[in-house]
Number of protein chains: 2
Amino acid sequence: MINQTLRDMLQSHGLKATFQRLTILEYLMTHETHPTAEMIHDNLPSISLATIYNTLDKLVDVGIVIVIDTLKDDKRHYDYYGEPHYHIINSNTSEIIDADNFDVTQLFEAARQASGLNITGFHIEVYGVGPNQAK
Amino acid sequence: MINQTLRDMLQSHGLKATFQRLTILEYLMTHETHPTAEMIHDNLPSISLATIYNTLDKLVDVGIVIVIDTLKDDKRHYDYYGEPHYHIINSNTSEIIDADNFDVTQLFEAARQASGLNITGFHIEVYGVGPNQAK
DNA sequence: CCCTCTTTTAGAATTATTCTAATTTAGTTA
DNA sequence: TAACTAAATTAGAATAATTCTAAAAGAGGG
């Protein structure tokens with residue numbers, strides 16, 4: 001299941017296709033659990049925790065993975081970022097929903113106008129509560 | 001300079017108006033530096049670091065302040081949130097620009113549709129690089 | 001002016017993450 | 001295919017931002 005596509009994904013970003021990286025990337029692609037480094041380590045115990053941190057850093061650097069570090073557990077959560085999307089977080093349960101039904105074009109243009117920067121990416125979190133949940 | 005308005009801001013959110021809270025809140029309102037707890041402590045050394053953390057937690061809980069914890073320094077930065085706004089971050093310098101020229105109505109509606117939650121807030125970060133800066 | 005609950009505080013404790021330095025490996029070149 | 005080299009992996013130690021503890025002080029209601 002560690003196939004050529006994954007190799008290409010890594011190598012096209014200038015990353016060597018090591019067994020550990022392929023395994024971690026595959027894990028992220030096949031799990032929508034927004035895991036922490038420790039959660040990944042629990043599931044892939046043969047890979048050292050240091051390597052899991054190193055690998056996640058690299059994957060974040062090249063944009064394959066993004067970080068969610070606003071949850072109440074004070075741990076970094078990681079999310080495979082195959083397609084641009086945003087996050088909806090239930091403030092009561094910390095459940096994270098991936099969603100992509102929003103066009104960021106206007107946001108990018110507004111940001112460009114406000115800053116003069118060349119816009120390269122975004123991270124959007126929207127918070128909500130369930131029907132019967134207080135804020 | 002610690003006035004009734006600040007007292008009201010705290011009390012209307014159910015927070016006692018202590019000297020420390022008034023001082024920290026005033027500091028945040030008059031500085032656009034997105035400081036860390038330690039930076040605030042350096043500027044208000046008579047307030048213990050524990051109280052600065054406690055106070056920031058409370059201010060975040062009630063929505064007066066928001067957290068930016070995506071910077072490379074791995075420290076939490078705090079931002080007075082008087083008016084809803086979003087953040088533009090220069091990926092090369094970590095400079096943070098506050099901006100409010102974007103209407104979140106469509107985003108909220110998209111999020112409501114995708115999740116079924118009652119949307120209560122948002123946090124948007126847009127990343128960019130300067131004209132002569134590489135990604 | 002009390003009274004009670006909340007807040008503040010110094011310092012200790014925690015723990016997620018980073019660092020270190022020795023070993024192994026991927027990918028290239030001969 | 002073998003050899004080479006820069007990069008990656010690893011176990012364990014180290015770091016440091018944040019949280020916790022328990023005692024003292026303060027806010028605000030009655």
Side-chain angles (χ1 to χ4, degrees), chain A residues 2-4 6-27 34-62 64-78 94, chain B residues 2-4 6-27 34-62 64-78 94:
Chain A
I2 292 178
N3 57 29
Q4 192 58 35
L6 294 184
R7 290 200 114 75
D8 291 346
M9 269 181 74
L10 292 171
Q11 293 176 335
S12 69
H13 287 99
L15 298 179
K16 283 190 180 179
T18 65
F19 170 77
Q20 291 85 344
R21 288 176 180 171
L22 291 163
T23 305
I24 292 168
L25 179 54
E26 185 197 32
Y27 182 88
H34 307 92
T36 63
E38 192 177 17
M39 288 160 70
I40 296 171
H41 187 242
D42 288 344
N43 284 276
L44 303 173
S46 69
I47 301 176
S48 77
L49 191 53
T51 294
I52 288 171
Y53 274 108
N54 289 342
T55 298
L56 290 169
D57 283 351
K58 296 277 189 187
L59 295 177
V60 170
D61 278 349
V62 301
I64 295 179
V65 164
I66 62 176
V67 178
I68 301 167
D69 52 8
T70 53
L71 299 190
K72 291 177 196 141
D73 66 3
D74 288 343
K75 294 172 190 170
R76 286 185 201 146
H77 290 249
Y78 294 87
S94 287
Chain B
I2 291 175
N3 58 28
Q4 193 58 34
L6 295 184
R7 289 201 117 73
D8 291 346
M9 267 181 76
L10 291 171
Q11 292 176 336
S12 68
H13 287 99
L15 299 179
K16 284 191 179 178
T18 66
F19 170 77
Q20 290 84 346
R21 288 176 181 171
L22 291 163
T23 305
I24 292 168
L25 180 54
E26 186 198 31
Y27 182 88
H34 308 90
T36 63
E38 192 177 17
M39 289 161 69
I40 297 171
H41 187 242
D42 288 343
N43 283 276
L44 303 173
S46 69
I47 302 175
S48 77
L49 191 54
T51 294
I52 289 171
Y53 274 108
N54 288 342
T55 299
L56 290 169
D57 282 351
K58 296 277 189 186
L59 295 177
V60 170
D61 278 349
V62 302
I64 295 178
V65 165
I66 62 176
V67 179
I68 300 167
D69 51 8
T70 53
L71 299 191
K72 291 178 195 139
D73 65 3
D74 287 343
K75 295 172 189 169
R76 286 185 201 146
H77 290 248
Y78 294 87
S94 286

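All chains are named by letter (A, B, ...) in the order of the sequence lines, taking the proteins before the strands, and each is independently numbered beginning at 1.
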* Measure across I52(B) and A37(B) and return the closest heavy-atom pair with its distance rounded to 0.1 Å. =>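 Looks like CG2-O, 3.8 Å.
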
* Asked: Shortest non-hydrogen contact from I64(B) to H13(B)?
  ->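 Taking every non-hydrogen atom into account, CD1-ND1, 3.6 Å.
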
* Asked: Side chains of I47(B) and H41(B): closer than 4.5 Å at any heavy-atom pair?
  ->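 Counting from C-beta outward, I47(B) and H41(B) never come under 4.5 Å.
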
* Could you check if a side-chain atom of L56(A) sits within less than 4.5 angstrom of a side-chain atom of I40(A), using non-hydrogen atoms only? =>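 With C-beta onward as the side chain, the pair touches.
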
Atom pair distance, as rounded to whole Å: [atom1] in [X] and [atom2] in [N]:
| X | N | atom1 | atom2 | answer |
| --- | --- | --- | --- | --- |
| D57(B) | dA17(D) | CG | P | 16 Å |
| L59(B) | dT7(C) | CG | P | 12 Å |
| L10(A) | dT25(C) | CG | C1' | 15 Å |
| D61(A) | dT18(C) | CG | P | 11 Å |
| F19(B) | dA24(D) | CZ | P | 23 Å |
| R76(B) | dA16(C) | CZ | C1' | 11 Å |
| K75(A) | dT18(D) | NZ | C1' | 14 Å |
| H41(B) | dA16(D) | NE2 | C1' | 16 Å |

* **Near-strand residues of residues 43-56 of chain B, defined as heavy-atom separation under 4.0 angstrom from DNA chain D** =>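 Within residues 43-56 of chain B, the residues near DNA chain D are A50(B), Y53(B).
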
* Which nucleotide in dT18(C), dA27(D), dT18(D) has an atom nearest any side-chain atom of D74(A) ->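 Comparing dT18(C), dA27(D), dT18(D) against the side chain of D74(A), the answer is dT18(D).
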
* Check every atom of dA17(D), dT7(C), dA6(D) against the side chain of E38(B) and return the nucleotide holding the closest atom. =>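 Minimum distance to the E38(B) side chain belongs to dA17(D).
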
* Asked: Which part of the nucleic acid, if any, lies within reach of A37(A) when heavy atoms closer than 4.0 Å are counted: base, sugar-phosphate only, or nothing?
  ->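 Here A37(A) touches no strand at all.
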
Phosphate oxygens OP1/OP2 of [N]: is one of them under 4.0 Å from a side-chain N or O of [X]?
| X | N | answer |
| --- | --- | --- |
| R21(A) | dA7(D) | no |
| T36(B) | dA17(D) | no |
| Q20(B) | dA25(D) | no |
| K16(A) | dA6(D) | no |

* Asked: Among I66(A), I24(A), V60(A), which residue meets the side-chain contact (heavy atoms from CB on, under 4.5 Å) test with Y78(A)?
  ->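 Answer to the side-chain contact (heavy atoms from CB on, under 4.5 Å) test with Y78(A) among I66(A), I24(A), V60(A): V60(A).
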
* Look at D74(A) together with R76(B) and state whether they make a salt bridge at an N to O cut-off of under 4.0 Å. =>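 Judged by the 4.0 Å cut-off on N to carboxylate O distance, D74(A) and R76(B) do form a salt bridge.
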
* Check against side-chain contact (heavy atoms from CB on, under 4.5 Å), L22(B) and R7(B) -> CA-CA 7 Å; L22(B) 291 163; R7(B) 289 201 117 73; 3.8 Å; yes

* Asked: Of D73(B) and L15(B), whose closest DNA chain D nucleotide lies nearer the 5' terminus?
  ->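 Nearer the 5' end of the strand: D73(B).
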
